[in-house]
Amino acid sequence: MTFSAKILHWYDVNKRDLPWRNTVNPYNIWLSEIMLQQTRVAQGTPYYLKFIENFPTIKDLAAAKEEEILKLWQGLGYYSRARNLHATAKTVTNEYKGEFPNTYKELLQLKGVGDYTASAIASISFNLPEPVVDGNVYRVLARYYGIAMPINSTEGIKYFKKIAREVMNVKNIRDYNQGIMEFGAIQCTPRNPNCADCPLNDSCVALKENSVQDLPIKLKKIKVKDRFFNYLVVIDALEQSILKQRIGKGIWQNLYEFPLIESQITPNKVAIETELKKYDILNQKFEYYKFNEEVIVHKLSHQHLKTHFWIVTLEGEIPNGVAFTEIDKFPVPVLVADFIKTFKF
DNA sequence: AATCCGGGGCC
DNA sequence: GGCCCAGGATT
């Protein structure tokens, strides 16, 4: 049997029953693929179900407010995916009359859709012969064919795509593509792959050369930077607080958070007063205390956010404040959501 | 070509 | 602490 025939057979026997596998509707496939970018199936699945329930069609998604989408996306991370999701929903609804484009080239033009996702939609929804190359495919191909080229080098990306195209099964690309990814996720796992009971173990180069643990090869690890956050949890006499939307570049674009003083130095009363003035709180008496004595470290993939929350109690009221009862309606980062849950306004 | 962009699970 | 996850956009 060929490589692809074995993958197809393995998939037929071992495939999981996932919510987006009972359809080839491009809306469902697109939504699932966006959500699963750099995201485990177990983490993404509840979000997929939530979105399908709230937005049964792409037209519903296009008509939603961005804040509503971000709120449903809250906790899934990589929030540009949610913003691009909205943009593409509008594009398909308005420029394609609600019908997804059905070519790789057109799919690739959609926001948030890159080479992998365009190939995935083209193959799974339209059965077009486009190979997918995700993290699973890199691993399976690197091991089976004994490829030591770094998967994140320019040459490696091109080479693996070329190999993937050469070995794919064009007769059933829909199942083959899902099969090789599923095979990587279930059988040929990053750590402790199940080589003993593998349909490819008679012809796997890495297994023969005892290099399974060393493949695939990936270059350079990112360095993590420390940042120091001081959130001002302002509370006024009318049970209101302050939430501000993050604008511009950087993390958590368009999500909300408390007023933030980013500084390793503990903010003093003057620093807090200066920050409050930005919210038209002028010459009001206030008291404040540090909520968490032990620093909270929120870890992102490339930043460690060392955070203190400060409770700032005003005598008067906040102009245009957010009522305690409304706080839960705003999309916020997990760091902020965890605090809100703990504090109970 | 390198960097940025989340959060969670696992070792 | 490091690595990985059905990657893409930006610089």
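In what follows, every chain begins at residue 1, and chains take the letters A, B, ... in the order their sequences are listed.
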- Message: With a 4.0 Å cutoff (strictly under), does any side-chain N or O of A:His302 reach OP1 or OP2 of B:dC4?
- Response: no
- side-chain contact (heavy atoms from CB on, under 4.5 Å) with A:Asp115: which residues, sequence neighbours excluded? A:Tyr104, A:Ser119, A:Lys161
- Query: C:dA6 and B:dT3: how far apart are their P atoms, nearest whole angstrom?
  - Reply: 25 Å
- Residues pairing under ring-ring contact (aromatic ring centres under 6.0 Å, His included) where one sits in residues 114-142 of chain A, two or more places apart or in two chains, turn out to be A:Tyr138-A:Phe160
- Message: Side-chain N or O of A:Trp252 versus OP1/OP2 of B:dG7: is the shortest distance under 4.0 Å?
- Response: yes
- Of the non-hydrogen atoms in A:Val24 and A:Ser125, which two are nearest, and what is the gap between them? O-OG, 2.9 Å
- Rounded to whole Å, the CD1-P distance (A:Ile157 to B:dA2) equals 11 Å
- Item | Interatomic distance where CD1 belongs to A:Ile251 and P belongs to B:dT3 [whole Å] | 19 Å
- Query: Just by protein heavy atoms under 4.0 Å, how would nucleotides 4-11 of chain C read 5' to 3' in B, S and -?
  - Reply: BBBBSS-S
- Task: Quickly work out the A:Leu76 CG to B:dG8 C1' distance and round it to whole Å.
- Result: 10 Å
- Just to confirm, is there a sub-4.0 Å distance from OP1 or OP2 of B:dA2 to any side-chain nitrogen or oxygen of A:Lys220? yes
- Message: Rounding to an integer number of Å, can you tell me how far A:Ile222 CD1 sits from B:dA2 C1'?
- Response: 12 Å
- Query: When you compare C:dT11 with B:dG6, how far apart are their P atoms, in angstrom units rounded to a whole number?
  - Reply: 15 Å
- Closest-nucleotide 5' rank along DNA chain B - winner of A:Lys225 and A:Ser153: A:Ser153
- Query: Going by the ring-ring contact (aromatic ring centres under 6.0 Å, His included) test, which pairs reach into residues 179-231 of chain A, not counting sequence neighbours?
  - Reply: A:Trp10-A:Phe183, A:Phe229-A:Tyr231, A:Tyr231-A:Phe309
- Item | Co-members of the apolar cluster containing A:Ile242 [side chain, <4.5 Å] | A:Leu232, A:Val234, A:Ile261, A:Ile272, A:Leu276, A:Tyr279, A:Ile281, A:Phe286, A:Tyr288, A:Trp310, A:Val312, A:Leu314, A:Ile318
- Query: Just how far, in rounded Å, is C1' of B:dC11 from CD of A:Gln213?
  - Reply: 12 Å
- Message: Please determine whether a side-chain nitrogen or oxygen atom of A:Gln303 lies at a distance below 4.0 Å from atom OP1 or OP2 of B:dC5.
- Response: yes
- Distance, rounded to the nearest Å, where A:Leu255 contributes CG and B:dG7 contributes C1': 13 Å
- Item | Any residue meeting side-chain contact (heavy atoms from CB on, under 4.5 Å) with A:Ala237, in chain and number order, not counting sequence neighbours | none
- Item | Whole angstrom value for the distance that separates C1' of C:dG1 from NZ of A:Lys299 | 7 Å
- Task: Identify whether any heavy atom of A:Gly44 sits under 4.0 Å from a base atom; if not, whether one sits that close to sugar-phosphate; answer base, sugar-phosphate or nothing.
- Result: nothing
- Item | Nearest-nucleotide 5' precedence on DNA chain B, A:Lys223 against A:Val332 | A:Lys223
- For the pair made of CZ in A:Arg227 and C1' in B:dG6, what is the distance, rounded to whole Å? 13 Å
- Message: Parallel, tilted or perpendicular: which one describes the rings of A:Phe291 and A:Phe339, with boundaries at 30° and 60°?
- Response: perpendicular
